[in-house]
Amino acid sequence: ALATEWSPNDDGSVWTFTLREGVTWQDGSAFTSADVAATIDRMVVAGAGLAGVVSEGAVETPDDLTAVINLDSPNGNLPVLVSIYNPQSLITPADYTSGTTLDDRTTGTGAWVLENFDPSSFRATFVPNPNWWGGSVNLDSITLQGFDSGGTQVAAMAAGEIDMIQQFSVSDGANLLEDSSFTLLKPPSANHRQMWFNTQLPEGGPFTDVRVRQAACYAVNRQQLVDTIYEGQAQIANDHPVYPTLAFFDESQEQRPYDPEMAQQLLSDAGYADGVDGTLQVGDLQEIPDIAAIVEQNLAAAGFTTPVSVTPNSDFYGAQWCTGASYGTQPETSGPGRPCGASAQIGIVDYGHRPTPDIFFGRALETDGDWNSSNYASSDFDALFKQYQASVDVAGQKDAVGQIQRLLHDDAPACYPFFFDYLSGHNESVSGVEVTALGHMQFQKATKALSLIHISEPTRLESKSRFPWCACK
C-alpha cells in the first residue's frame with residue numbers, strides 16, 4: 001500500500017492518510033501527496049468511483065507525506081474506495097492526463113515495469129522495477145497473455161503452455177478442478193451476476209410494476225443455477241448484493257424461495273395473467289449465456305416469454321446494459337433519475353468482487369448511479385445508503401444494511417440469485433502468487449522452479465519465468 005496509516009475524524013467526514021516514505025515513480029520522481037490530490041480530482045471530474053463522496057479540491061496536502069481528504073458527507077468505508085478494490089482509484093502522477101494508457105506512458109510505483117506490449121496478440125511483458133520501495137522480486141520477468149475465450153485459456157493451461165490462469169469458470173475449467181498438479185486459488189468472493197429490470201422504461205412496460213419484478217425473482221431456481229452452472233462453487237443469494245460473511249450482514253432476513261406458483265399469482269395480480277413478453281439481453285462473457293438459458297426456462301414456467309439475445313461483450317454495455325450513458329447507443333433517453341435510459345427491460349450483467357457493497361450500492365442502485373441499469377430511483381434507498389456510509393461502527397452499518405436488504409428484496413430492481421467462487425490457479429512449478437477475487441495477481445513474492453519449466457518450446461529454455469493470463473473484465 002502507498003499509505004502506511006489512515007484514520008477518520010470523529011464523524012468520519014475527514015480522513016487523514018500518511019503516505020509511505022521513499023516511494024518513487026518509475027521515472028525517478030518522488031511520489032507525494034500532490035499526486036493523491038490530483039488523482040482524486042481527476043476521479044471526481046470523470047465521475048469514476050468517488051461520485052457523491054468527495055468534490056474537486058477536497059484533498060489538503062499539509063506536507064509531501066500527508067493527504068487530508070475532506071468528504072462531502074461522513075463515510076466509514078473510504079479506505080476501501082481508495083484501495084485496489086476500486087480500480088478507478090489507481091493513483092497516477094500529478095501531471096497525468098486522463099485517458100493516458102500504460103503503453104503511452106509507462107509509469108507507476110509498483111514492483112513491475114512494462115517492457116513491451118503487443119495489442120495485436122494482447123501480450124505484455126513486465127520486468128522488475130529496480131527502484132521499487134518493497135525491495136527486490138524473485139522473477140526475471142512475467143508475460144501476460146490474453147485469450148479470445150475461456151476455453152482456449154483453459155486448454156493452454158492444461159497443455160502446459162502457460163504457468164498460471166487468472167480466472168476460469170467451472171464450465172470451461174472443470175478438468176482443472178480435478179487435476180492434482182494444478183494448485184487451485186479460491187479467495188473470498190462477492191462476485192455475482194445481476195439480473196436487472198428497467199424499472200422506468202418503456203413507460204407502462206411490465207417491468208415497471210414491482211409485482212412483475214418480484215414474480216421474476218420468485219421464478220428463478222437459484223439452486224439449479226448453483227448446481228448446474230457452478231457445480232457447487234457458488235452460494236445462493238437473496239436479491240441484494242450484501243455478501244453473507246460481512247459483519248453487518250443481516251442474517252435474519254427470510255430467503256426468497258423458488259416458487260413459480262407465487263410468480264404466476266403475482267403476474268395475475270399485476271394484470272398479466274396471460275404472461276409477460278420481453279427479450280433477455282446478455283453479453284457473451286464466460287458462463288452468462290448458459291445462465292440465461294436456464295433463467296429463460298425458469299421464467300417460462302411462471303408465464304414469462306423471454307428469449308435470450310446474446311451480444312458481443314464489447315458492444316453489450318453500451319447497446320443493452322446502459323444505453324442512456326454517454327457511451328451508450330441511446331444517450332438521449334437518459335435524464336434525471338434515469339442514468340441508463342432505455343437499457344434493456346431485462347438482462348444479466350457481470351459484477352466483480354468488492355470487499356464491501358459500497359460500489360454495488362452507489363453505482364448500481366443509488367439514484368443516478370452510473371451503473372444503474374435498472375434506473376432505480378428510491379429516496380428510501382438513497383437515505384439508507386447515506387446512513388450506512390456515515391456509520392463508522394458495525395452496529396450502525398448493520399442497522400442500515402438490514403433495512404437495505406429488505407427494501408431491495410421488496411422493490412426488486414434486480415434479482416441477485418447467487419454469489420460465485422472466484423477460481424484461479426497455477427501449475428506445481430509456481431509458488432508464492434497471491435490473487436484477489438477482483439482479478440489482481442500479486443507476483444512480488446512469486447517463485448518458479450526452473451527444473452519444472454516445459455522444454456518442448458525453445459523459448460522455455462531461457463531463464464525468464466513467464467506467467468501469461470487471460471484478461472477479464
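Residues: numbered from 1 along the sequence shown. What you see is a predicted model; the values in this text were computed from it and never measured.
Side chains of S169 and D172: a donor-acceptor N/O pair is present below 3.5 angstrom, by distance only. Between the side chains of N9 and S13, a donor-acceptor pair is found at a separation under 3.5 Å. For the 3.5 Å distance criterion, the side chains of T447 and N138 fail to qualify, holding no donor opposite an acceptor. When only modelled atom types and interatomic distance are considered, H409 and Q214 share no side-chain donor-acceptor pair under 3.5 Å. A donor-acceptor contact closer than 3.5 angstrom is absent between the side chains of Q233 and E231. Side chains of D72 and S55: a donor-acceptor N/O pair is present below 3.5 angstrom, by distance only. The closest side-chain donor-acceptor pair between Q405 and N238, if any, does not fall under 3.5 angstrom. At a cut-off of 3.5 Å, with distance as the only test, a side-chain donor of T92 or R42 sits close to an acceptor on the other residue.
Taking the six-membered ring for Trp and the full ring otherwise, the centers of H192 and F418 sit at least 6.0 Å from each other. The ring of Y243 has its center closer than 6.0 angstrom to the ring center of F419.
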Please step through side-chain contact (heavy atoms from CB on, under 4.5 Å) for the pair V59 and V68, ending with a clear verdict. CA-CA 5 Å; V59 183; V68 180; over 6 Å; no

Would D382 and T367 count as a side-chain hydrogen bond (donor to acceptor under 3.5 Å, both in side chains) if you check the C-alpha gap in whole Å, the side-chain angles of each, and the deciding distance to 0.1 Å? CA-CA 7 Å; D382 296 345; T367 301; 2.7 Å; yes

Using the side-chain contact (heavy atoms from CB on, under 4.5 Å) rule, take V154 and N175 through it: C-alpha gap first, then chi angles, then the decisive distance, then the call. CA-CA 9 Å; V154 168; N175 61 313; 3.7 Å; yes

Using side-chain hydrogen bond (donor to acceptor under 3.5 Å, both in side chains), reason through Q265 and R211 one step at a time and then give a plain yes or no. CA-CA 9 Å; Q265 183 61 55; R211 293 167 294 185; over 6 Å; no

In sequence, state the C-alpha distance, the side-chain angles, and the governing distance for L144 and F126, and then conclude on side-chain contact (heavy atoms from CB on, under 4.5 Å). CA-CA 8 Å; L144 311 182; F126 293 79; 3.7 Å; yes

Using ring pair (Phe, Tyr, Trp, His ring centres under 6.0 Å), reason through Y416 and H240 one step at a time and then give a plain yes or no. CA-CA 6 Å; Y416 298 80; H240 57 72; 7.5 Å; no

Quick one, T311 with Y317, criterion side-chain contact (heavy atoms from CB on, under 4.5 Å). Give me CA distance, side-chain angles, the key distance, then yes/no. CA-CA 9 Å; T311 301; Y317 302 107; over 6 Å; no

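Contact between P241 and L408 at its shortest, heavy atoms only, is CD-CD1, 3.9 Å. Nearest heavy atoms, Q389 versus V53: NE2-CG2, 4.2 Å. What you find for V212 and A270 is that their closest heavy atoms are CG2-CB, 4.0 Å. Shown here for G425 and F182, the closest heavy-atom pair between the two residues is CA-CZ, 3.3 Å. Here the closest non-hydrogen pair linking G324 and S334 is O-CB, 3.1 Å.
Counted within 6.0 Å of CD on E21, heavy atoms from surrounding residues, nucleotides or ligands total 12 or fewer; the atom is thus considered open. Residue-environment remark: CG (D393) exceeds the threshold of 12 foreign heavy atoms within 6.0 Å. The 12-atom threshold is exceeded at CD of E251, counting heavy atoms of other residues, nucleotides or ligands nearer than 6.0 Å.
Listed by chain and residue number, D368, N372, N375 satisfy the side-chain contact (heavy atoms from CB on, under 4.5 Å) test with P339 (two or more places apart in sequence, or in another chain). Y388 is linked by a ring-ring contact (aromatic ring centres under 6.0 Å, His included) to F248, F361, counting only residues two or more places apart in sequence or in another chain.
Atoms CG and OG1, from D63 and T66 in turn, are 3.5 Å apart once rounded to the nearest 0.5 Å. Going from atom CG of L19 over to atom OG of S33 covers 6.0 Å, rounded to the nearest 0.5 Å.
With a 4.5 Å cut-off on side-chain heavy atoms, W25 and T109 count as touching. Between L365 and F381 there is a side-chain heavy-atom pair separated by less than 4.5 Å. Between I229 and V226, every side-chain heavy-atom pair lies at or beyond the 4.5 Å cut-off.
Shown are D411, D250, D399; of these, the salt bridge (charged side-chain N to carboxylate O under 4.0 Å, His left out) with R406 is made only by D250.
Distance alone, capped at 3.5 Å, is enough to place a donor-acceptor pair between the N191 side chain and the H353 backbone. Between the side chain of N198 and the backbone N or O of Q345, no donor-acceptor pair lies under 3.5 Å. A donor-acceptor pair is defined here as one N or O able to donate and one able to accept, closer than 3.5 Å; such a pair exists between the side chain of S374 and the backbone of P413.
Salt bridge annotation for D239-R222: present, with a cationic side-chain nitrogen under 4.0 angstrom from a carboxylate oxygen.
Using bins of under 30°, 30° to 60° and over 60° for the plane-to-plane angle, the ring pair F420/Y230 lands in the parallel bin.
Among residue pairs with one or both ends in residues 353-364, those qualifying as salt bridge (Lys or Arg N to Asp or Glu O under 4.0 Å) are R363-D370; sequence neighbours excluded.
Seen from the ring of Y218, R256 counts as a face-on cation partner, given the 6.0 Å and 45° thresholds.
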